Peer 1: 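First the structure, then my questions, so here it is.
FYI, side chains are in, hydrogens and waters are out, and symmetry mates aren't considered; it's all heavy atoms of this structure. In listed order, ligands and their atoms are each counted from 1. Predicted model only: the values in this text are computed from it and were never measured.
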Amino acid sequence: MPLPLPPIAPPLLAWYDTHKRTLPWRGAQDPYKIWVSEIMLQQTRVAAVIPYYHRWMEALPDVAALSAVEEDQLMKLWEGLGYYSRARNLQKAAKVIMDDFGGLFPRTYETLLTLPGVGDYTAGAVASIAFHQPVPAVDGNVLRIAARLSALRDDVMDPAVRKRVRAMICAVLPPERPGAFNQALMDLGATVCLPHGAPLCAQCPLSELCAARADGTAEELPVRKKKPPRRVEELTVYLILSQNRVALRRREAGGLLGGLWEFPHVPGTLDEAEAGAPLAAWGLRPIDWQRRMTAKHIFTHVEWRMTGYFVEVQGTGEGLTFAEKGELARYAIPSAFGKFLGEIEAKLGIRS
Ligand code: SF4
């Protein structure tokens, strides 16, 4: 059985008051800014998020602007952050706030949880930081810190264990400074109680209270059961050019990368002899096969191994859209195709 958490709030808050990170969404306690930043930070590092965050806030400074933005612009603002359903859910939630809450951000953890794309962690972060509600915000950082502090050896991927950790955090959360406490845990997890390699226990304000430090097991914790291996999908991708225009195709709504633009592709790895058949099916005639290159992209559950063919064609292309060279940047093309896109842009002289 893990130990309950020791009284961590006083040393943690004292440390936070002098060591907290300066981040663009901190300070004003604007729920919109906190919400957008927390959604962007899921799966993405702080340093990578900051430029996206600034660009987003310039284009969409409030809930009303987000609710009204065109899908293509929304996707463009999100392009590169991955997991596009998060951007769509942000807009869905903004519409709910405009339609059902009169444009006012919901103020409680329970109401925030009803918004599309808002889970336990995000609701806790917004409610505690913007509205001072005494609720925890338990993410991977907090699970790790709690597991180490209490020498918890159960699998933190197990929902029942997560529920227990949440209760442990609730028991030590100071009602007078819930937002600062949650942000202090975020900062401690990001800068001291690090996930990979040895945590920096000598710099930790909680070192005297930490069970894992006392018994030398910090690096073994938290325990996570291994995930099943990723599925591998092979694709043959066509980088089709016709008079300086590039063939694109829109993915079906829903599912992986739904609604975004992509280079046409077919399943499997086709060799040079086989690669012409799909072009014929699209009503295209190859006039110059130029080069072949490979790329790979890893999603959470699947890995794409892609073989790309650059080919100049004649024909109209059934089901395809030919983007003019000067308009290519307007199409939201997922980063999975980034290597190919870079080559196409270089070839067309859009960038060197
Ligand atoms: Fe993490 Fe070390 Fe601090 Fe324990 S003492 S909470 S393991 S950094």
Peer 1: Do you see a donor-acceptor pair shorter than 3.5 Å between the side chains of Asn141 and Arg144?
Peer 2: yes
Peer 1: Can you tell me if Thr269 and Glu234 form a side-chain donor-acceptor pair at under 3.5 Å?
Peer 2: yes
Peer 1: How about Thr300 and Tyr83: does a side-chain donor come under 3.5 Å of a side-chain acceptor?
Peer 2: yes
Peer 1: Only protein N/O/S atoms count here: give how many lie under 2.8 Å from atom 3 (Fe) of ligand 1.
Peer 2: 1
Peer 1: Determine, for Asp120 against Arg166, whether the closest basic-nitrogen to carboxylate-oxygen distance falls under 4.0 angstrom.
Peer 2: yes
Peer 1: Is Lys20 paired with Asp187 through a side-chain N to carboxylate O contact shorter than 4.0 Å?
Peer 2: no
Peer 1: Using the rule that Ile, Leu, Val, Met, Phe, Trp and Tyr join whenever any side-chain heavy atoms are under 4.5 Å apart, tell me whether Leu239 and Trp261 fall into a single cluster.
Peer 2: yes
